[in-house]
Protein chains: 2
Amino acid sequence: MNAVSLDLARLRRSCAHCSLRQLCLPGGIDAGALAQLEQLVRRTRPVRRGERLYRIGERLNAVYVASAGAFKTVSVSESGEEQLQGFHLPGELMGLDGLGEGVHRCEAEALVDANVCEVPLEQLSTVALQLPGLHQQLLRVIGQSLDRDHDHAGLLVRRQANERIALFLHGLGERYARIGEDPYRFRLPMSREDIARYLGLALETVSRGLTRLQEDGVISARGRLVEIADPKELARLAHGGDGGEPAQRGRL
Amino acid sequence: MNAVSLDLARLRRSCAHCSLRQLCLPGGIDAGALAQLEQLVRRTRPVRRGERLYRIGERLNAVYVASAGAFKTVSVSESGEEQLQGFHLPGELMGLDGLGEGVHRCEAEALVDANVCEVPLEQLSTVALQLPGLHQQLLRVIGQSLDRDHDHAGLLVRRQANERIALFLHGLGERYARIGEDPYRFRLPMSREDIARYLGLALETVSRGLTRLQEDGVISARGRLVEIADPKELARLAHGGDGGEPAQRGRL
DNA sequence: CGTTAGATTGACAACTGTCAAAAGACGTGG
DNA sequence: CCACGTCTTTTGACAGTTGTCAATCTAACG
């Protein structure tokens, strides 16, 4: 029991803000299982900006979580243009795309220098079948990935560009908060062009939207450094507070 | 062995075009397991147009597949407006939303009278842990759900309304083909407003887009009845064939 | 046959995409 | 440490598309 809690402490420290923490530390875990899990995870492989974890068409054989840095996942439409499927901050799972066909539909590219943990899928499945609770936790993490996709779709159906941009910044702040970073002051790891493709806008529109937010005193942006000056107003704008309904009606 | 193949035949007939077929019929299945699976599925509960399979906030305790009819899944944004997350034809899984939190983020409403198969999640998990291969198959079906979400995002990032509409019809045709229906002639189960919210457009824009496609001889639409007169042209329009690049460059 | 919900069409303003140029940030090498 | 070149970002002007408001038309249903 003592050994177990030591291992637990080590795991916690090394994967402090890792989404796989939920995978690694469910109830009813014993020392042997812990050892198995520890061996499963290849830790902190450094990945340099521009490097890819996997490419489109590759068989998927692992899932990935960054412990530092940031990634984007990009797919290519039939017309040949790139489509930004998502951004991935430390602790957010990557590599589940193509779980349906067994082949990656996206490529994951590091936006800045990063560290990644890699978990071979086959071994993960094997261990999941043996560990009570781990299977459930795996489903849960996948579900969170589904949630993120729904949030993305939720961004894209907003018709006003400024609403999408505000919601994007708001959501990014929330995600930074979740990993212990300042939700009101952070450096964007992605370019305006990446943001634009993620939001389904022209990059000039993104730039103008940020400028507008700055003029209105909601944020302060110098290049990629963003400071959210008025979080409440940002949230209001993000949730369609401007443009139609009289401020706060319906819920809240 | 004889009994097994009989059961298999029965299963195939009853769930002929069901996405869960892939769950039910993996390799290495035996008679006992088959019986377990058969008991798992509550079959063909009739659901009338407008009825909901589940609501937002409910604990998720089952997944659903329609054997006939069609559904939409709708979520509500923080600003109170409804967001159309997806359409579900027969054989397409519903109910995975909220796998992350264990609580539904969407509600699933029948667009027309329908029949649904319901599979309790808890029992499914239990059986999945015992059946070699079933766990993998479960992941695969979830992956397909992820793929559909990515396709939806792919629709939404298109900037031109006509492109989204063409791609929507094209994709719908493909999905009808997959369940053995005519991909070039079908009745839309959803209203123009539903389509509009799914595509992130105004319903008038959808109506105009359909009219435009009809004027151009690509489709023939009378109310909800759609006939695709020129599938090749529709595919071209769907993949950005119009608007920029000189017809078919890059791939194809 | 009347009523109602859904769909189409028209007019107009606003937003956003496109093209183009300038300004700023960043890294490299002197 | 500064100068240079490149990439990114901002800003401007303008046209096109799309959203909004409003009226008409159609279809479904009682």
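Residue numbers begin at 1 in each chain, while the letters A, B, ... track the order of the sequences.
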J.: Round to a whole Å and report the spacing from CZ of R197(A) to C1' of dT16(C).
T.: 18 Å
J.: E163(B) has an atom CD; how far is it from atom C1' of dT18(D), in whole Å?
T.: 15 Å
J.: Whole angstroms only, please: what is the CE-P distance between M190(B) and dG6(C)?
T.: 15 Å
J.: Throw together a table of side-chain donor-acceptor distances under 3.5 angstrom for residues 204-219 of chain B, partners on residues two or more places apart or in other chains.
T.:
{"residue": "T211(B)", "atom": "OG1", "partner": "S207(B)", "partner atom": "O", "Å": "2.9"}
{"residue": "Q214(B)", "atom": "NE2", "partner": "A221(B)", "partner atom": "O", "Å": "3.2"}

J.: For Y54(A) and D97(A), test the side chains for any donor-to-acceptor distance below 3.5 angstrom and give the result as yes or no.
T.: yes
J.: Can you name the closest pair of heavy atoms from H170(A) and A238(A) and give their distance?
T.: CB-CB, 4.2 Å
J.: A quick test of your reading: do over 12 heavy atoms of other residues, nucleotides or ligands sit less than 6.0 Å from CZ of R224(B)?
T.: yes
J.: Which nucleotides of nucleotides 19-30 of chain D have their base under 4.0 Å from a protein heavy atom (B), which only their sugar-phosphate (S), and which neither (-), written as one string 5' to 3'?
T.: SBBB--------
J.: Within the 3.5 Å criterion, strictly below it, is a donor on E58(B) or H104(B) matched to an acceptor on the partner's side chain?
T.: no
J.: To the nearest 10°, give me the bend of the helix from dC1(C)-dG30(D) to dG30(C)-dC1(D), comparing the axes of its five terminal pairs at either end.
T.: 50°
J.: Taking all heavy atoms of R197(B) and all of V157(A), pick out the closest pair and write down the distance.
T.: O-CG1, 3.9 Å
J.: Could you tell me if the ring centre of H88(B) sits under 6.0 Å from that of Y64(B)?
T.: no
J.: Should R48(A) and D113(A) count as an ion pair when the cut-off is N to O under 4.0 Å?
T.: no
J.: Measure the distance from CG on L213(B) to C1' on dA7(C) and round it to the nearest whole Å.
T.: 16 Å
J.: Scan side-chain atoms only and decide if Q85(B) and S75(B) contain a donor-acceptor pair under the 3.5 Å cut-off.
T.: yes
J.: To the nearest Å, give me how far apart CD (Q214(A)) and P (dT11(D)) are.
T.: 8 Å
J.: Would you classify S191(A) as touching base, sugar-phosphate or nothing, given that sugar-phosphate means primed atoms plus P, OP1 and OP2, and contacts are heavy atoms under 4.0 Å?
T.: sugar-phosphate
J.: For I219(A) and dT10(D), give me the distance from atom CD1 to atom C1', rounded to whole Å.
T.: 14 Å
J.: Rounded to the nearest angstrom, tell me the gap between atom CG in L210(B) and atom P in dT9(C).
T.: 10 Å
J.: Please report the distance, rounded to the nearest Å, between CD in E193(B) and P in dG6(C).
T.: 8 Å
